[in-house]
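Both backbone and side-chain heavy atoms feed into the values below; hydrogens, waters and symmetry mates do not. The chains referred to below are lettered A, B, ... by the order of the sequence lines, with proteins before strands, and numbering in each begins at 1.
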Amino acid sequence: MTLKVENLRTYFFTRAGVAKAVDGVSFEVGRGEILGLVGESGSGKSITGFSVLGLVDPPGRVAGGRILFHGEDLVGRSQGEMRTLRGKKIAMIFQDPMMTLNPVLSIETQMVETVRAHDRVSKAEARARAVEALGLVGIPSPDERLAAYPHQFSGGMRQRVAIAIALLHRPELIIADEPTTALDVTIQSQILAVIQGLSRDFGMSLIWISHDLGVVAGLAHRIAVMYAGRIVETGETDTVLDSPVHPYTIGLMRSVPANLERGEPLTPIPGMAPPPLGRSAGCPFRLRCFAATAACEIEPEEATADGHRWRCFHPQIARAA
Amino acid sequence: MTIFIIRRFSQSLFVVFLTSLLVFVGVYAIGNPVDILIPADASFAEREAAIRALGLDRSLVAQYGTFLVNALHGDFGRSFVFNQPAISLIFQRLPATLELAFVALAIALVLGIPLGLIAGLKPRSVTDETIMTGSILGFSLPNFWQGMMLIMIFSVWLGWLPSSGRGESGEIFGITTSLATWDGLAHLILPATNLALFQLSLVIRLTRTGVRETMPLDFIKFARAKGLSERRIISVHVMKNILIPIVTVVGMEFGSLIAFAVVTETIFAWPGIGKLLIDSITVLDRPVVVAYLLVVVTMFIFINLAVDIVYSMLDPRIRLSETQ
Amino acid sequence: ASAADLTVGISAEPSAIDPQFSRTGNNQNAAQHIFGRLVEQDENLQIKPNLAESWKNTDPLTWEVKLRQGVKFHDGSPLSAEDVVYSLERVSTIENSPAPFTANVGSIAKMEIVDPTTIRFTTKKPTPQFMELAGMVYIVSRKASEGKGIADFNSGAATVGTGPYKFVEWVPGDRLVLQRNDDFWGDKPEFEKVTFRTISNNAARVAALRSGAVDLIDAVPPADVATLKSVEGIALHSTPSARIIYLALDSARDESPFVTDKAGAKLAPSPLKDVRVRQAMSKMVDRQLLIDRILSGAGAAAGQLVPEGIGGHSANLKPDAIDLAGAKALLAEAGYPDGFGITVHSSNDRFAGDADVGQALGQLFARGGLKVNGVVTQPYSVYVAAAGKQEFSAFVFSFGTTTPSAAPGMTNVLMTFDKEAGTGSFNRARYSNPAYDAKMKEALAEFDVDKRNALLAEAAEVAFGDVAIMPLYWPVVTWASRDSIAFTPSKGEDTLATFAHTTK
Amino acid sequence: MTPLVEATSISRRFTRGLDYAERLARFLGADIEERVVHAVDGVSLTINPGEVVGLVGESGCGKSTLGRIMAGILPQSDGVMNWQGKDMSALPRAEAKAARLASQMIFQDPMSSLNPRKTIRDIIGEAPIAHGMVARRDAAEMVTALMQRVGLDPSYLNRYPHQFSGGQRQRIGIARALAVNPRFIICDESVSALDVSIQAQILNLFMELKQELGLTYLFISHDLGVVKHISDRVAIMYLGRIVESAPADAFFAAPNHPYTIALLSEVPTIKQRKRQFNPVKGEIPSPLHPPSGCHFHPRCPHAFDRCRIERPILREIAAGHVSACHLNEMPGKAASPAIPTTAIA
Amino acid sequence: MTALTHRFQESQSFWARSLRGILGSPKATIALAICLILIATAIFGPALVPQNPYDLAAIDFFDARLPPMSNSMSGTTYWLGTDGQGRDMFSAMVYGLRTSMGVGLFSGVIALAVGTALGLTAAYYGGRIDTLIMRLVDLMLGFPTILVALMLLALLGQGVWKVVLALVIVQWAQFARAVRAAALIERGKEYVEAAASLGLSKPRILFGHMLPNCLPPIIVIGTLQVANAISAEATLSFLGIGLPITEPSLGLLIANGYQTLLSGQYWISVYPGLLLLALVFSINIVGDRLREVLNPRLSER
Ligand SMILES: Nc1ncnc2c1ncn2[C@@H]1O[C@H](COP(=O)(O)OP(=O)(O)OP(=O)(O)O)[C@@H](O)[C@H]1O
Ligand SMILES: Nc1ncnc2c1ncn2[C@@H]1O[C@H](COP(=O)(O)OP(=O)(O)OP(=O)(O)O)[C@@H](O)[C@H]1O
Ligand SMILES: [Mg+2]
Ligand SMILES: [Mg+2]
Ligand code: NI
């Protein structure tokens with residue numbers, strides 16, 4: 001198991017109160033596996049990713065749980081220790097390709113420094129590795145493009161550069177935080193193709209964060225659905241998508257228009273997600289849930305069947321079947 | 001680049017033209033320099049002779065016309081007081097002002113950037129609050145009052161540093177400067193500090209704001225995710241970004257540094273162009289005032305040009321060659 | 001600074017080193033060190049021989065001047081009559097000078113070199129003050145300065161004189177450096193090297209002295225005098241100057257711009273026309289209090305243009321004492337028992353305390369029963385122009401006498417404003433009294449110094465009886481030095497290295 | 001039937017002109033040109049009353065610009081806009097104003113499209129009051145009714161936009177548009193910023209309103225799934241031009257233009273699991289320097305010489321189905337989907 | 001669009017936000033209190049102080065330069081001493097505070113009005129109008145404040161309104177630039193387009209919709225500029241081209257006292273200096289805090 005997260009809690013201790021952004025998340029990612037992490041805005045996907053790398057900014061911090069990377073707990077490690085992992089063993093790609101590269105440094109600088117942050121190699125060698133990485137992500141004539149600055153690249157190209165940087169050290173795990181959300185369909189497709197190929201070729205594990213079920217469906221081996229800081233359902237992609245059991249997952253699927261006849265009214269989930277500050281005890285979804293009962297006043301435990309896990313007192317198993 | 005220079009150049013020509021016109025009309029409106037310059041026991045005849053000698057008997061339009069024609073030939077008139085080419089008077093004293101301004105700028109940058117970094121990296125800490133309150137103090141103290149206090153404390157009470165004049169100068173690389181001798185340096189410290197204080201505050205705040213704005217950006221987080229050390233992140237990723245506003249603002253402020261030298265030079269009797277300007281205004285020495293503005297405006301233009309070039313070196317998004 | 005050197009902090013610097021460029025005080029200060037003149041002035045402004053050993057006027061139009069022997073220029077060449085004639089002729093070739101010496105040589109019709117040390121001057125008309133005028137022109141070396149311009153003097157190339165000090169360098173705005181002339185014909189100057197630093201800001205100048213940066217400063221602000229007195233190691237040197245600070249009253253016009261009735265409406269005819277009103281106003285001014293409180297005692301109450309010792313002083317003219325009752329009576333007599341409204345104007349950057357004096361006068365008039373509509377102070381540049389255009393009603397001015405007698409001041413300030421006659425060029429109040437003018441003409445034609453001075457004094461009595469201007473005080477000017485240096489103060493407000501001596 | 005709105009050969013150029021210094025430099029021989037963006041390049045689009053037209057295209061292709069022109073916010077550089085058969089520019093003042101009010105736009109960003117300093121009452125009520133459509137004292141009542149109509153609690157009347165969630169803000173925007181009784185609504189990415197569950201709520205609202213008020217929509221989106229769900233007809237834009245337009249069913253059943261085909265095959269859907277991504281190559285060209293001929297030719301797998309030179313015009317290939325591709329003139333050569341486009345359905 | 005940007009940059013009522021922001025920092029709270037006290041002093045103080053220092057009949061130069069705590073001839077105590085004209089320093093400072101604040105506020109407000117109108121116009125209409133206005137702004141900003149004021153005052157002569165005018169001419173460009181920048185951002189927002197699409201008139205959009213949203217930067221710059229103006233007036237007075245001498249502002253008091261500072265009569269210069277400092281410093285602190293809470297991205301001056 002490359003990564004195993006157990007009962008992760010990441011809280012923001014703000015003046016207004018404690019925002020439980022991630023509140024008891026558990027999942028695992030095996031070698032070469034692609035995990036799709038889906039959920040609505042604010043459900044805690046990004047914070048989960050940052051927690052793994054130890055990059056949660058104050059006033060947030062990991063308040064509990066374990067993050068086991070090859071069995072070793074990363075929680076509580078010093079920034080110095082984490083630094084040796086970041087970019088080397090675990091890499092991350094961010095959503096907005098316009099913002100992830102430093103606009104005033106050349107691509108070369110940004111790549112070479114990454115190489116040399118972990119490996120004591122000459123500039124020339126670092127550069128060679130940078131050229132190679134750019135080639136891998138499909139940037140034409142990488143040797144020349146190295147001297148360019150980010151603004152000279154289009155969004156898709158920049159995202160490729162970011163991926164190339166993530167690849168420099170052939171990390172065992174890449175956390176991709178909605179890296180294609182800002183891109184157009186055709187360009188998104190290009191990036192997905194690159195990522196998919198790389199993951200396959202190098203056996204890299206991947207956590208793919210997205211709110212687009214379609215993207216995750218096409219890419220991930222397994223899916224974890226987040227709601228209000230918890231993973232409410234997780235399992236094989238096909239299982240989760242074809243026979244979702246959590247009412248939230250079901251509601252999500254019904255909200256996607258493409259699943260319905262044209263013009264037919266959609267079946268949206270009523271209401272909206274609770275804000276992270278005011279979450280009350282019990283199942284966070286119960287106020288929007290069609291199946292909620294008095295039982296939901298307390299937090300459901302995780303139930304499981306054949307690697308398909310959910311947190312709900314009223315799993316819609318019958319429907320699925 | 002060419003366009004840029006054309007634009008700057010034509011704009012500045014316009015500015016120079018406008019200011020010279022303004023000064024002419026202004027001086028004409030205020031009074032007759034001769035009234036101030038002639039001795040108290042002068043007779044009518046002497047007065048008239050002086051007026052004629054200085055060309056002040058002619059109409060404003062005629063005077064201005066002559067000025068323009070001469071200016072096109074590189075002659076900007078002679079000082080009424082010194083009877084020397086006004087331009088050469090300015091150039092005589094320009095080095096002193098430039099020296100003062102540059103040293104002040106250096107002080108501001110050398111102290112300001114580290115202080116701003118310290119403050120910006122630990123926002124809301126005691127250190128930050130102290131530095132920031134101090135920098136507001138720098139803004140709040142009127143320049144002349146600072147100067148007075150500096151003199152009072154360091155010259156009069158403590159007797160450490162001289163309070164006026166420029167001191168001995170020596171040569172470094174063929175440039176005559178006070179920096180070459182101890183005496184010169186000692187004379188430079190107080191006025192330069194006085195002049196630097198405002199800029200220092202400015203640099204501190206710019207740096208701090210820059211740090212605070214840059215730190216939460218995604219590319220800093222990405223740099224961390226790459227495993228870079230905090231040192232490299234700050235010294236390269238953050239610094240290079242914040243240098244851009246600092247260079248622009250400080251460059252623009254260099255102009256006001258020279259302008260504010262008027263006050264500092266008055267207080268510290270620094271023989272630069274600022275003091276010359278004040279003196280010239282009080283005696284209505286119009287050619288010198290015009291020449292001052294001319295030189296200063298031209299200087300602004302060159303400074304701005306330099307700033308733009310440095311800017312473009314720092315910020316790849318703005319390359320002068322790319323017309324945008 | 002070593003013991004043999006002297007550093008002086010001066011409030012104003014020369015505008016040029018060419019001694020003939022301008023005859024304003026600052027230029028003269030510098031020139032007197034480097035150049036000689038036919039005559040020079042003592043502390044009381046009376047003339048005494050310098051390069052001219054003696055002179056006599058053989059008839060009203062002819063003056064014969066004998067030059068001193070053995071005088072050498074700084075370049076070693078001897079002074080000759082030719083240099084003198086050259087220098088006097090050179091005066092009218094100076095260009096663009098706002099204050100040329102042309103009037104000094106204006107009376108000369110002819111110059112003849114009788115022998116290498118004697119020159120005979122012929123004047124156009126009888127000129128009693130010939131030596132006071134022509135004698136004041138600085139003598140330059142013909143050899144060194146022929147064909148040279150102002151820049152050559154500033155750089156030192158043409159700066160060759162006969163004075164006690166040689167020119168070393170001038171950094172405008174900063175300093176003037178002089179070197180002792182070891183071949184000086186007169187008393188050997190004491191200091192080897194003299195540096196004049198320009199420190200125009202008063203406080204900075206004082207601070208420079210206190211911090212030891214300079215050895216001597218001029219124009220000590222009155223307020224600092226008391227403090228400096230108590231400072232260990234500092235000596236003060238004062239003298240009343242021959243500069244009169246006065247209030248001009250717009251007395252010639254029916255309508256004066258800043259005269260109002262009590263309610264603030266325009267008042268015509270102007271009460272200022274009435275001599276009784278002017279007298280009353282003068283009686284409202286407590287000169288001694290003003291001097292004590294505003295000037296920290298640095299002044300001498302004045303009742304006329306020049307202090308004692310200068311030609312034209314009248315022993316009969318005493319400063320008016322404060323007499324509010326008398327003032328009230330006079331006002332009532334003139335028909336203004338309740339007073340009237342007035343605005344006092346003054347400059348604020350011309351002489352020490354000018355703005356303060358204006359305000360103090362405002363206070364005094366208010367207390368005397370006038371309605372003071374305001375006190376307005378302006379930079380001199382603005383002020384002088386407006387005053388010249390008669391835009392004020394009561395305004396403060398000063399006039400510095402630099403000549404042995406009060407004649408120039410009495411001509412320019414008090415005689416009728418008349419371009420043709422060349423009188424009254426500074427008569428901004430437009431005072432005009434034929435009796436006075438006649439007395440003045442008589443005095444100016446008189447060759448005998450004593451008689452002339454007596455006539456001038458009589459004229460002064462006429463003018464000040466009319467309160468042509470309201471004299472206030474003669475400022476006391478003060479120099480301060482380290483106490484190891486003694487300094488001889490002069491009425492001409494000169495700051496000369498030759499006036500300074502070490503005491504130990 | 002007269003079309004409600006009809007755009008004929010509409011173009012819109014954004015020009016950044018040269019200033020005096022640049023003109024001078026050019027005069028002196030410098031190589032400087034005006035920069036012109038053809039945001040919309042000769043587009044014709046007809047929308048019938050009651051119809052929903054979906055407009056799809058990639059970022060920067062000119063969808064919003066076209067939408068703004070149709071809403072009357074932005075003047076076109078060339079071409080004619082007809083409103084109910086009459087040239088808009090020739091309408092008398094009063095009618096022009098009425099036409100203008102009858103077309104309303106609903107924007108993408110629910111935050112920036114509401115003035116943060118105004119209460120909901122003002123936001124919704126200001127325009128009707130300003131136009132005298134409702135008396136000031138009746139305004140509150142009207143606003144309340146509208147709020148109920150779009151599913152907002154009327155007790156929120158005096159709240160400010162920041163006190164609402166994204167979906168609620170979008171409802172406020174809709175109520176604001178409805179307040180002036182429009183007939184035609186341009187939805188510019190109106191649901192793109194919303195989470196799917198909220199997006200579904202808003203889409204439902206749009207559909208309801210259409211039913212009840214007989215509204216006509218131009219529905220701009222880059223999400224083909226949404227467009228497919230709501231539109232009667234679909235138009236695809238690429239770099240300022242419409243490359244294909246057809247009734248929705250025909251369009252998804254038989255897409256014709258190679259770009260459309262690429263787009264359809266690359267839209268990720270839940271139905272496709274662990275698929276192989278086979279993207280079209282190349283970047284989207286800059287609208288500043290669009291490729292010659294057919295704008296799509298550099299990325300088109302079928303491109304041939306003619307595509308590089310000649311701009312293909314829209315030709316009808318089936319009833320109501322137009323496409324701008326040279327392949328259509330070569331029988332048997334028309335592009336066909338690499339994968340079945342049923343994937344999206 | 002991420003959840004964070006939506007949720008953390010929410011704007012609330014702007015006055016509430018400002019006040020809450022200020023009260024959130026003890027430093028700013030104290031500064032605000034000082035500001036308010038000083039404002040109250042400037043407004044009501046002149047009625048309460050022992051002397052009217054602007055009335056020449058009320059002051060007596062017999063009492064000139066008395067040290068603090070001295071008694072006058074008439075027996076009143078000069079708590080802070082007297083100046084060179086015998087003005088009670090305390091009264092003079094209260095009046096001077098009023099003058100300084102008045103000059104600062106008036107010039108600030110007028111400059112703000114002028115700058116805002118021009119800045120908004122430039123931003124909304126764009127094109128030639130924009131170019132013209134912005135060239136003018138560049139011109140003004142390219143010139144050092146102090147020089148422009150110096151020249152103007154040399155031309156205009158002295159007087160409160162002339163100083164105000166000079167400061168307005170010097171300051172308006174700052175506002176215009178800031179307002180234009182803010183307005184450009186606002187203009188890009190969709191609510192402006194929505195308003196246009198709803199057929200609202202241009203002035204209504206400009207002043208009713210855009211202007212209120214440009215307020216935060218305007219207010220921040222406004223406060224800082226008032227502080228600047230007060231300081232600038234003091235400097236001008238110091239250089240001898242500021243206010244009339246009989247109605248001294250704080251700056252003029254300092255300048256007058258400057259001459260005697262080193263003679264030991266420190267109180268004439270030091271007390272007004274401290275008051276000026278307290279005033280400018282506290283305004284700046286408040287402004288700074290506002291800058292932080294209202295508009296963290298507002299560029300430094
Ligand atoms: N600095 C912070 N202070 C307080 N709360 C925070 C902070 N950062 C994040 N949060 C909270 O953490 C929760 C999770 O945020 P996160 O960024 O992980 O959401 P997400 O699922 O990635 O959403 P999106 O799809 O919009 O990116 C949010 O609801 C937010 O309120
Ligand atoms: N006001 C403007 N000035 C200059 N260029 C503009 C302006 N508005 C739009 N453009 C340009 O016109 C082109 C089309 O813009 P438009 O906003 O219509 O695209 P879009 O299809 O709506 O894109 P998106 O999906 O990103 O909203 C773009 O290249 C854009 O840069
Ligand atoms: Mg996220
Ligand atoms: Mg758009
Ligand atoms: Ni989002």
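- When the side-chain contact (heavy atoms from CB on, under 4.5 Å) test is applied to B:Asp279, the partners found at least two apart in sequence or on another chain are B:Lys275.
- Looking at C:Ala103, both its backbone and its side chain come within 4.5 Å of chain B, counting heavy atoms on both sides.
- Only the side chain of C:Thr402 comes within contact range of chain B, with at least one heavy atom under 4.5 Å from a heavy atom of that chain.
- Residue-level contacts of residues 51-64 of chain B with chain C, in order of numbering, are B:Ala53, B:Leu54; threshold 4.5 Å between heavy atoms.
- Of all the heavy atoms in C:Ile310 and C:Ala242, the pair that sits closest is CD1-CB, 3.4 Å.
- Contacts from residues 80-91 of chain B to chain C, taken as heavy-atom pairs separated by less than 4.5 Å, involve B:Phe80, B:Val81, B:Phe82, B:Asn83, B:Gln84 in sequence order.
- Looking only at distances, no side-chain donor or acceptor of C:Thr377 sits under 3.5 Å from a matching main-chain atom of C:Asn348.
- In this structure, C:Arg428 fails the cation-pi test against C:Phe395, since its NZ or CZ atom is not both closer than 6.0 Å to the six-membered ring centre and inside 45 degrees of the ring normal.
- With respect to chain B, the highest number of heavy-atom pairs below 4.5 Å among C:Tyr383, C:Phe399, C:Phe397, C:Tyr380 belongs to C:Phe399.
- A donor-acceptor pair under 3.5 Å is absent between the side-chain atoms of B:Thr264 and the main chain of B:Pro191, judged by distance alone.
- Looking only at distances, a side-chain donor or acceptor of C:Thr403 sits under 3.5 Å from a matching main-chain atom of C:Ser405.
- Residue contact with chain B, scored on non-hydrogen atoms closer than 4.5 Å, involves the side chain of C:Thr24 exclusively.
- Salt-bridge annotation for B:Glu46 and C:Arg23: present, with a side-chain N of the basic residue lying under 4.0 Å from a carboxylate O of the acidic one.
- Heavy atoms closer than 4.5 Å to chain C are found nowhere in B:Arg47, neither backbone nor side chain.
- A distance below 6.0 Å separates the ring centres of B:Phe44 and C:Phe417.
- Note on B:Ala50, B:Pro271, B:Gly272: by heavy-atom pairs under 4.5 Å with chain C, the leading option is B:Pro271.
- For chain B, the nearby parts of C:Ala208 are the backbone and the side chain; heavy atoms of each come within less than 4.5 Å.
- Looking at B:Leu276, neither its backbone nor its side chain comes within 4.5 Å of chain C, counting heavy atoms on both sides.
- A distance of 5.5 Å separates CG of B:Leu100 from CH2 of B:Trp270, quoted to the nearest 0.5 Å.
- The parts of C:Ile199 that come within reach of chain B are both its backbone and its side chain, each placing non-hydrogen atoms under 4.5 angstrom from that chain.
- Between C:Tyr138 and C:Phe21, the distance separating the two ring centers is not shorter than 6.0 angstrom.
- One finds no salt bridge joining C:Arg210 and C:Asp224 here, because no Lys/Arg side-chain nitrogen approaches an Asp/Glu carboxylate oxygen to under 4.0 Å.
- In this structure, C:Asp152 contributes its side chain and C:Lys148 its backbone to no donor-acceptor pair below 3.5 Å.
- Between the side chains of C:Arg243 and C:Ser398, at least one donor-acceptor pair of N or O atoms lies under 3.5 Å.
- When each of B:Val283, B:Val34, B:Asp35 is scored by its heavy-atom pairs under 4.5 Å with chain C, the top score falls to B:Asp35.
- Contact annotation for C:Glu420: neither backbone nor side-chain heavy atoms come within less than 4.5 Å of a heavy atom of chain B.
- With 3.5 Å as the limit, one finds a donor-acceptor pair spanning the side chains of C:Asn412 and C:Ser425.
- In terms of heavy-atom pairs under 4.5 Å with chain B, the best-connected choice from C:Gly400, C:Pro172, C:Pro408, C:Gly409 is C:Pro172.
- Of the atoms belonging to C:Asp418, it is backbone heavy atoms, and not side-chain ones, that fall under 4.5 Å from chain B.
- Between C:Asp218 and C:Arg205, at least one side-chain N (NZ, or NE/NH1/NH2) sits under 4.0 Å from a carboxylate O, which counts as a salt bridge.
- Taking the side-chain contact (heavy atoms from CB on, under 4.5 Å) definition, one finds that C:Ala12 meets it with C:Asn26, sequence neighbours left out.
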